Amino acid sequence: MKIILLISILLLFFGCGSTNNNMAKNQPLVKLVVKQDKYSLIFKNKFYNNYEYYDKNLANFIVETNLSFNTSDALSNNGNNKLNIVKGTVDFKIFDKINSKIIKTGSISSSINTGSVSSLYSVDENNNFAKERIAKYLASKLHRKILLNTFTSEN
């Protein structure tokens, strides 16, 4: 009984410790082309945080993006407070750098409901913070979509 308990404890501590993350090592390098505005640069920075090492000269794929935001009004449940919906959309084109052909085009979108605040400064800051969060979230979604499309196009 002690041997079985000892083996199970050893497997518990050392069984999962030797797994390798080959996905991070085999990621294709991507050159991201964005507009030079605040939220696109946040988007680009978050996108490149997914890579441990990056060299734009070794990139296999080029991705052209266009990040845009739309703000609309909505009512709360009781109808007294006005809420805002901030929707972010990134349109993208994935190019194979070697063949110069388009692999995938599409768009990804996400939205956030922002609460009602009274001052104009707070409204602006609330919308800016929401746009930053959407840009970061869309960057991670685009990274996963690129991995999916580039791995399927290589096979």
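In this text, all values refer to a predicted model and were calculated from it rather than measured experimentally.
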Requested in this report: Could you please spell out the steps behind the side-chain contact (heavy atoms from CB on, under 4.5 Å) verdict for Tyr39 and Asn128?
Outcome: CA-CA 9 Å; Tyr39 302 111; Asn128 289 338; 2.7 Å; yes
Report summary line: Across all chains, not counting sequence neighbours, the salt bridge (Lys or Arg N to Asp or Glu O under 4.0 Å) partners of Glu132 are Lys38
Just verifying a value: how many Å separate [X] [atom1] and [Y] [atom2], rounded to the nearest 0.5 Å?
X	Y	atom1	atom2	result
Lys131	Ile42	NZ	CD1	11.0 Å
Ser40	Leu67	OG	CG	4.5 Å
Phe47	Leu142	CZ	CG	5.5 Å
Asn84	Ser111	CG	OG	12.5 Å

Query raised in the report: Between Asn45 and Leu41, is there a donor-acceptor pair closer than 3.5 Å when you use the side chain of the first and the backbone of the second?
Result: no
Residues two or more places apart in sequence or in another chain: which of them pass side-chain hydrogen bond (donor to acceptor under 3.5 Å, both in side chains) with [X]?
X	answer
Asn113	none
Asp96	Asn99
Asn66	Lys35
Asp73	none

Requested in this report: Identify the two heavy atoms, one from Ser107 and one from Thr89, that lie closest to each other, and give their separation to 0.1 Å.
Outcome: CB-CG2, 4.2 Å
**Report entry** Ile108 versus Phe92, closest heavy-atom pair with distance
**Finding:** CG1-CE2, 3.8 Å
Query raised in the report: Do Phe129 and Phe69 belong together in a cluster built from hydrophobic side chains that touch within less than 4.5 Å?
Result: no
For [X], all residues meeting side chain to side chain contact (heavy atoms under 4.5 Å, CB included), sequence neighbours excluded:
X	answer
Leu120	none
Asn70	none
Ile112	Thr114, Arg133, Ile134
Ser119	Tyr121, Ser122

Requested in this report: Evaluate side-chain contact (heavy atoms from CB on, under 4.5 Å) for Asn60 paired with Lys97, printing each intermediate quantity in order.
Outcome: CA-CA 6 Å; Asn60 301 339; Lys97 188 174 179 181; 5.8 Å; no
Query raised in the report: Is any side-chain heavy atom of Lys87 less than 4.5 Å from a side-chain heavy atom of Ser109?
Result: yes
Query raised in the report: Just wondering, do Phe61 and Ile146 contact through their side chains at under 4.5 Å, heavy atoms?
Result: no
Report summary line: Apart from Phe95 itself, members of its ILVMFWY cluster (side-chain separation under 4.5 Å) are Val33, Ile62, Ile102
Report task. Report the residues that fulfil ring-ring contact (aromatic ring centres under 6.0 Å, His included) with Tyr137, sequence neighbours left out, ordered by chain and then residue number. Result -> none
Query raised in the report: Checking side-chain contact (heavy atoms from CB on, under 4.5 Å) for the pair Thr65/Phe43: CA distance, chi angles, key distance, verdict?
Result: CA-CA 10 Å; Thr65 62; Phe43 176 82; 4.1 Å; yes
